[in-house]
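This report refers to the structure that appears directly beneath it.
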Amino acid sequence: MAKIQAHRISVIAGDGIGPEVIREGLKVLNKVSKKLKRPLEFEHLEVGAARWLRTKETLTEKEMETIIASDAVYLGAVGDPKVPPGILERDVLLKIRFELDLYINLRPCVLLEGAFTPLKNKGSSDINFIVVRENSESVYTGLGGVFKRGTPDEVAIQEDINTRKGVDRILDYAFEVCEARKNKNQITMVDKANVLTHAHGLWRRAFEEMGKSYPRIKRNATYVDAAAMDFVRRPEMFDVVVTNNIFGDILTDLGAIISGGLGLAASANINDLPSPDLPKKGQVCRGLFEPIHGSAPDIAGRNLANPIAAIMAAKMMLDHLSETEAASAIDKAVRKTVAGGKIFKKDSPDLAVSTHEAGDQVCSYL
Ligand code: NAD
Ligand code: IPM
Ligand code: MN
């Protein structure tokens, strides 16, 4: 009998708490392996601060080839106080997002039963939305430069890129997500069209035009400053939020803290491009899955990090690989763990148990 082909997963545990939370994610993946249609095969890539300090390498060409040929990437976090800001973030994480054109960043903001929200009088029925973040443009492309560096006349320019193609494709995906959710059938676009009249004028026009193809979905466009307030004041108004790269980054840390903390918030970086449009020769990979948090140097190495965000990122990865049974088993086990009320300190997003024990609890429900 022919051997069943495995899902090939490139693993970048990375820096700080990255390896601590990925270890728990892998433990959980191993535990659900019996429910998988195809086995998982992991390729561990030694990417991160330690190697950069030794060799000044970030992501090698060979590692990029491994990633391109794999079915998905599972990443903890990169970034370290010993490395100048941006080196690892840009040359590892952003490089993978951009080179594979993973233009969709899905960031659910869901308050699970038993998780702590600092919002008074808000519960699980109030905080249940998803942010669809544009992941390939905005100020993230790195276009720009510095002139007369280090002089009193220094000029620094960081361009904000918004293309009609880029805006249309993320809006279209967000409308589709909204239809598929069958929740409030409501989409909120977050922008700053009152100031960024060129760039976000484009977003507004594209949103109106795209909306005509989705007559069942209510549209609302709002400014980012007001949206930040409404994440706190009335999160129940959100169902699907669509926004640009930088606003999506900032708003989802806020979205995380109202839904139980950064230690619970997972994300999927994906694309749904037709095969001929994939940017890399031989590209198989269409997804990078990671917690939205970073390497948390302030708690790294102390077994304090909450691994649930990394575990839920693994769940999103299995959904992407059409391993729905195993994904749903993880989802249920996480919900039971959080609802059990034993892993958190009272009225806090902080763990009351160690990183290992939190992972063990999830495994115990699988
Ligand atoms: P951070 O997300 O690492 O930490 C912010 C705060 O949240 C810290 O107080 C931290 O202790 C806490 N926190 C984060 N994850 C947690 C978890 N799982 N459990 C409990 N508490 C948790 O953000 P930062 O401090 O701004 O960034 C640190 C480094 O990580 C920087 O180098 C940054 O560039 C990088 N970063 C990387 C990624 C990534 O690789 N995906 C994402 C964000 C930040
Ligand atoms: C995130 C992170 C990254 C981003 C950084 C590390 C480049 O903050 O995934 O939220 O800004 O996208
Ligand atoms: Mn972020």
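Just follow the structure's listing: the first ligand is 1, and inside any ligand the first atom is 1. In this text the structure is predicted, and so the values were computed from the model without any measurement.
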Glu57, CD atom: more than 12 neighbouring heavy atoms under 6.0 Å: yes
Starting from atom 3 (C) of ligand 2, find the nearest protein heavy-atom neighbour and note its residue, name and distance. Leu93 CD2, 4.0 Å
Just by distance, with hydrogens left out, do Glu41 and His7 show a side-chain donor and acceptor under 3.5 Å apart? no
If you draw a 6.0 Å radius around NZ in Lys56, do more than 12 non-hydrogen atoms from other residues or ligands fall strictly inside? yes
Where on Val78 is there a heavy atom closer than 4.0 Å to ligand 1, on the side chain, on the backbone, on both, or on neither? both
Among protein heavy atoms, which sits nearest to atom 6 (C) of ligand 2, and what does the distance come to when rounded to 0.1 Å? Glu89 CG, 3.7 Å
Does any N or O in the side chain of Glu154 come within less than 3.5 Å of the main-chain N or O of Gly150, such that one atom is a donor and the other an acceptor? yes
With a heavy-atom distance limit of 4.0 Å, tell me whether Asn306 approaches ligand 1 through its side chain, its backbone, both, or neither. both
Honestly, for Pro297 the part within reach of ligand 1 (heavy atoms, under 4.0 Å) is side chain
Any idea which N/O/S atom from Asp249 gets closest to the Mn ion (ligand 3)? OD1
Looking at atom 34 (O) of ligand 1, what's its closest protein heavy atom, distance included? Glu89 OE2, 2.5 Å
Which is it for His293 and ligand 1 at heavy atoms under 4.0 Å: side chain, backbone, both or neither? both
Leu202, Val195: one ILVMFWY side-chain cluster at the under-4.5 Å cut-off? no
If we ignore angles and hydrogens, is there a donor and acceptor under 3.5 Å between the side chains of Thr60 and Glu63? yes
Atom 41 (N) of ligand 1 [closest protein heavy-atom partner, distance rounded to 0.1 Å]: Glu290 OE1, 2.9 Å
Among protein heavy atoms, which lies nearest atom 10 (C) of ligand 1, and at what distance? Asp298 OD1, 3.3 Å
N/O of Leu75 under 3.5 Å from N/O of ligand 1, yes or no? no
Report yes or no: do Glu137 and Tyr103 form a side-chain donor-acceptor pair below 3.5 Å? no
re atom 29 (C) of ligand 1, the protein heavy-atom contact at minimum distance is Ser295 OG, 3.2 Å
Classify the side-chain pair Glu290/Asn269 by whether it contains a donor and acceptor separated by less than 3.5 Å. yes
Could you report the tightest heavy-atom contact between Phe289 and Met316, atom names first, then the distance? CE2-O, 3.7 Å
Tell me yes or no: between the side chains of Asn183 and Asn185, is some donor less than 3.5 Å from an acceptor? no
Do ligand 1 and Leu304 have nitrogen or oxygen atoms that lie under 3.5 Å from each other? no
Could you tell me which atoms of ligand 1, counted from 1 in the order shown, lie closer than 4.0 angstrom to a heavy atom of Gly79? 32 (O)
Can you tell me if Ile292 contacts ligand 1 (heavy atom of the residue under 4.0 Å from the ligand)? yes
Quick test: of every protein heavy atom, which one is nearest to atom 23 (O) of ligand 1, and how far off is it to 0.1 Å? Gly294 N, 4.3 Å
Answer with yes or no whether Arg97 contacts ligand 2, where contact means a heavy atom under 4.0 Å from a ligand atom. yes
Give me the residue, atom name and distance of the protein heavy atom closest to atom 11 (O) of ligand 2. Tyr140 OH, 2.6 Å
My understanding is that we take every heavy atom of each candidate and find the minimum distance to atom 21 (N) of ligand 1. Doing that for Leu262, Ile299, Leu288, Asp249, which one comes out nearest? Ile299
Which of the ligand 1 atoms, numbered from 1, are nearer than 4.0 Å to a heavy atom of Ala305: 19 (N)
Which residue and non-hydrogen atom of the protein lie closest to atom 13 (N) of ligand 1, and at what distance in Å? Ala296 CB, 4.1 Å
Does any N or O in the side chain of Glu43 come within less than 3.5 Å of the main-chain N or O of Ile9, such that one atom is a donor and the other an acceptor? no
Give a yes/no answer: is there an N/O/S atom of Asp253 under 2.8 Å from the Mn ion (ligand 3)? no
For atom 16 (C) of ligand 1, the protein heavy atom that lies nearest, with its residue and separation: Ile17 CD1, 3.8 Å
Leu93, portion touching ligand 1 at heavy-atom distance under 4.0 Å: side chain
Just by distance, with hydrogens left out, do Ser70 and Arg8 show a side-chain donor and acceptor under 3.5 Å apart? no
How far is atom 2 (C) of ligand 2 from its nearest protein heavy atom, and which residue and atom is that? Asp249 OD1, 4.0 Å
Is atom 32 (O) of ligand 1 less than 4.0 angstrom from at least one protein heavy atom? yes
Are Gln186 and Thr188 linked by a side-chain donor-acceptor pair shorter than 3.5 Å? no
Looking at Tyr140, I'd like to know if the NZ or CZ of Arg133 sits under 6.0 Å from its six-membered ring centre while staying within 45 degrees of the ring's axis. yes
For a quick check under 3.5 Å, do Asn271 and Asp101 share a side-chain donor-acceptor pair by atom type? no
Does a side chain donor of either Asn244 or Trp203 reach within less than 3.5 Å of an acceptor in the other side chain? no
How far is atom 1 (C) of ligand 2 from its nearest protein heavy atom, and which residue and atom name does that atom have? Arg107 NH2, 3.4 Å
